[in-house]
2 protein chains.
Amino acid sequence: MLIVQKYGGTSVGSIERIQEVAARVAATHDAGHQVAVVLSAMSGETNRLLALARQIVEQPDARESDVLVSTGEQVSIALLAMVLKERGSPAVSLLGHQVRIETDTAYGRARIRQVQTTRLSNALKDGNIVVIAGFQGVNAQQDITTLGRGGSDTTSVAIAAALQADVCEIYTDVDGVYSADPRICPQAHKLERISYDEMLELASLGAKVLQIRSVEFAKRYQVPVHVRSSFSPDEGTWLVPEDQSMEEVTVSGVTSDLDQAKITLMRVPDRPGLAAKLFAPIAQDNIVVDMILQNASVDEKTDVTFTVPRGDVHKALEQVKNVAPEIGAEDVVYDTEVVKVSIVGLGMRSHAGVASRMFEVLAAEGINIQMISTSEIKISIVIAAKYAELAVRVLHDAFISSA
Amino acid sequence: MLIVQKYGGTSVGSIERIQEVAARVAATHDAGHQVAVVLSAMSGETNRLLALARQIVEQPDARESDVLVSTGEQVSIALLAMVLKERGSPAVSLLGHQVRIETDTAYGRARIRQVQTTRLSNALKDGNIVVIAGFQGVNAQQDITTLGRGGSDTTSVAIAAALQADVCEIYTDVDGVYSADPRICPQAHKLERISYDEMLELASLGAKVLQIRSVEFAKRYQVPVHVRSSFSPDEGTWLVPEDQSMEEVTVSGVTSDLDQAKITLMRVPDRPGLAAKLFAPIAQDNIVVDMILQNASVDEKTDVTFTVPRGDVHKALEQVKNVAPEIGAEDVVYDTEVVKVSIVGLGMRSHAGVASRMFEVLAAEGINIQMISTSEIKISIVIAAKYAELAVRVLHDAFISSA
């Protein structure tokens with residue numbers, strides 16, 4: 001088999017951990033498999049480097065920041081390759097520009113365009129364990145780019161896709177994907193399998209197991225991904241193409257995301273072009289607007305409410321306050337004490353009444369729903385932050401534990 | 001003018017120092033010059049990385065070691081480029097593979113084969129300060145190589161040669177090249193100018209101001225090199241092609257090198273091929289043999305004495321003891337308590353009797369000479385280590401202070 005293994009920052013966070021990773025990698029190789037390993041920086045290293053930069057400049061230049069932080073993965077792969085060779089396993093480290101992982105030029109959040117396989121395949125054919133720097137690539141000018149937080153997940157799935165690997169194993173500090181966060185919902189259980197679409201919703205909803213782009217890659221190229229613990233030999237969760245049996249489960253997971261803030265423009269005249277005028281400057285600031293809700297007009301005036309990541313709320317408010325007079329909003333209010341709670345499941349497609357059941361369950365606890373957004377396989381609601389854990393527990397009880 | 005500036009590890013050893021470097025670089029650029037800057041790793045960083053490697057493997061793999069330590073310079077150039085941009089100076093960092101500094105494949109002590117100028121020249125033409133990682137290059141396979149300790153000097157001179165720069169300024173923690181080490185010889189003075197050949201001898205004799213290969217590069221491409229302090233605006237020492245006035249000074253400098261050990265094979269049958277049998281295995285171990293002395297034969301037996309770097313003496317002895325029975329040596333002895341003291345000067349070519357004068361001066365102090373080696377512009381002797389400082393002082397007095 002051709003196996004891609006990805007180890008995150010905590011899995012390579014110390015000399016001892018790197019040796020444990022080497023043992024696992026070597027065992028896989030010794031069992032007769034071809035192995036490509038993708039590594040993150042040692043935990044804390046990326047932050048240490050960014051702190052160094054912020055000691056001298058307030059807003060580090062994006063291109064140079066990528067040159068700086070990409071050294072973290074470079075250190076990891078050199079160390080692991082050394083240990084593997086010392087153990088007698090043939091190994092070779094490769095940086096983004098050596099593999100060549102081609103990206104666009106959006107420093108700090110670049111997207112992979114193509115992964116060259118010539119050097120990778122040759123190194124594997126020669127019997128080497130190939131140790132690849134995650135998180136980094138190069139643009140057409142040979143400039144180093146990085147893929148954003150969690151980018152090593154995407155590197156590993158992209159490598160697996162390019163090599164048509166049999167499996168992409170993502171080793172992490174949790175042992176799989178859970179039906180809810182076990183810290184707030186003791187009834188939560190590990191999912192054996194989950195479809196790419198469900199995982200996409202979970203990843204984008206705050207279940208921080210995988211970078212969302214890695215799941216998009218996995219889905220597009222149908223890469224079997226196995227999320228598992230680097231501290232245990234147990235099976236984790238498989239991300240796979242969906243099959244019929246999956247639809248028998250109505251709801252697979254319940255998630256909550258506290259990284260939310262809600263902004264409302266009060267009594268805005270409801271004219272064509274309102275949304276464009278409001279959201280264009282926010283998008284230009286690279287702020288991701290998630291849910292948008294516009295009430296039915298009363299007297300041709302409407303309230304517009306939307307959510308942004310909590311850390312971006314003041315930047316967003318600046319833009320909103322600039323544009324508010326122009327579009328005639330009477331007032332702007334915001335609330336950072338909110339949470340988005342979501343239920344996700346392929347079965348929701350074929351089961352009617354999931355939404356009304358969800359609202360009933362929450363109403364029974366006296367939880368007021370402020371916003372609602374739905375997709376084919378997901379329902380998200382925004383509620384007061386104080387109800388976050390309670391809502392997850394009662395929804396898990398209603399849809400999963402009792403199923 | 002097109003100016004290449006190189007800053008060593010102590011010059012970029014802290015956030016404050018990097019800001020001082022930025023100020024100097026920006027001032028040069030503001031004065032209307034084109035500026036390319038070559039940086040070392042922050043002082044201590046290369047050792048920190050190597051220590052990390054040695055925590056896990058006894059003998060780190062050479063290729064991976066270069067991947068590891070080359071991150072040091074990458075951090076420096078990213079930080080300086082950030083500071084320059086923040087100050088409003090256009091700047092761009094370039095790694096070895098981006099410039100492209102092509103080397104052979106001798107990891108850890110690679111030699112530069114060629115410096116591509118396309119990207120460098122374009123960046124300079126666009127008005128940028130180009131900030132280049134010293135010490136590193138790439139081989140034909142795009143693998144990272146490093147140039148050995150002091151390699152950033154060579155990078156800077158090679159860049160200056162390739163760009164046909166007007167000057168290559170080497171900023172360091174001393175303010176120039178001295179006629180002797182001022183710590184042991186208070187009479188020593190800073191040299192205003194020195195020829196490439198004299199500097200080659202001084203560099204190879206333990207005056208650790210410049211990596212010797214950088215001087216070879218400077219000589220081959222006639223690059224004017226200005227060695228100066230990063231902590232002062234004063235002129236330092238210029239390395240220049242020799243001119244007639246230089247020959248008027250008999251001796252330019254006196255140096256001592258304690259990194260020496262002496263090995264003697266006693267009473268070896270003096271047959272053809274003796275030297276080859278003795279030195280081939282030592283060379284294969286990458287040990288540099290410096291001085292070699294073979295006594296005239298007595299009874300067709302001879303003593304062979306040679307020097308090696310002190311750190312290599314035990315490795316060399318192993319090889320010598322393997323080969324000693326084969327070549328019929330009766331005994332092998334060694335001495336690490338020796339020093340090589342040398343006088344260097346273009347004027348020695350035209351002044352007879354410099355050697356005999358040197359021996360007289362030392363004899364007057366009761367210093368016994370163990371080995372002698374001469375070149376056109378240099379005389380080196382090996383003496384007991386305890387006389388190192390005394391010998392430097394009396395030779396400086398005799399040849400330089402009194403001149």
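By convention in this document, chain letters (A, B, ...) are assigned in the order of the sequence lines, proteins followed by strands, and residues within each chain are numbered from 1.
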Part of B:Gln142 lying under 4.5 Å from any heavy atom of chain A: both
Under 4.5 Å from a heavy atom of chain B, the part of A:Asp143 involved: both
So, does B:Thr155 use its side chain to make a donor-acceptor pair with the main chain of B:Gly151 at under 3.5 Å? yes
Please check: side-chain N/O of B:Ser14 versus main-chain N/O of B:Arg17, any donor-acceptor pairing under 3.5 Å? yes
Strictly distance-based, threshold 3.5 Å: is any side-chain N or O of A:Glu64 a donor or acceptor partner for the main-chain N or O of B:Ser93? yes
Side chain, backbone, both or neither: which part of A:Ile144 has a heavy atom under 4.5 Å from chain B? both
Comparing B:Gln98, B:Gln55, B:His97 against chain A, the one with the most heavy-atom pairs below 4.5 Å turns out to be B:His97
Main chain of A:Val37, side chain of A:Gln5: is a donor-acceptor contact present, judged purely on distance under 3.5 Å? no
Decide, yes or no, whether a salt bridge links A:Lys85 with B:Asp61 under the criterion of side-chain N to carboxylate O below 4.0 Å. yes
Could you tell me whether a side-chain N or O of A:Arg228 sits under 3.5 Å from a main-chain N or O of A:Pro233, the two making a donor and an acceptor? yes
Side chain, backbone, both or neither: which part of B:Glu16 has a heavy atom under 4.5 Å from chain A? neither
Measure distances from B:Leu94 to the heavy atoms of chain A and classify the residue's part below 4.5 Å as side chain, backbone, both or neither. side chain
Please determine whether a side-chain nitrogen of the Lys or Arg among B:Glu318 and B:Lys315 lies less than 4.0 Å from a carboxylate oxygen of the Asp or Glu. no
Taking A:Thr28 for its side chain and A:Arg24 for its backbone only, find out whether a donor-acceptor pair lies under 3.5 Å. yes
Please check this pair: side chain of A:Thr71 against backbone of A:Leu68, looking for a donor-acceptor N/O pair closer than 3.5 Å. yes
Would a distance-only check, ignoring hydrogens and angles, find a side-chain to backbone donor-acceptor pair under 3.5 Å from B:Asp153 to B:Gln211? yes
Against chain A, label B:Val69 side chain, backbone, both or neither, depending on which of its atoms sit under 4.5 Å from a heavy atom there. neither
Mind checking the CG-CG spacing from B:Leu163 to B:Leu2? Nearest 0.5 Å is all I need. 5.5 Å
Contacts of residues 104-134 of chain B with chain A (heavy atom under 4.5 Å): B:Arg119
Heavy-atom pairs under 4.5 Å with chain A, option from B:Val92, B:Leu95, B:Leu80 with the top count: B:Val92
Side chain to side chain, B:Tyr171 and B:Lys6, heavy atoms closer than 4.5 Å: no
If one checks every heavy atom of A:Leu49 against chain B at 4.5 Å, the contacting part turns out to be side chain
Please flag which part of A:Gln19 lies under 4.5 Å from any non-hydrogen atom of chain B: side chain, backbone, both or neither. side chain
Comparing B:Arg87, B:Gln141, B:Met82 against chain A, the one with the most heavy-atom pairs below 4.5 Å turns out to be B:Met82
With a 4.5 angstrom heavy-atom cut-off, is it the side chain or the backbone of B:Ser76 that approaches chain A, or both, or neither? neither
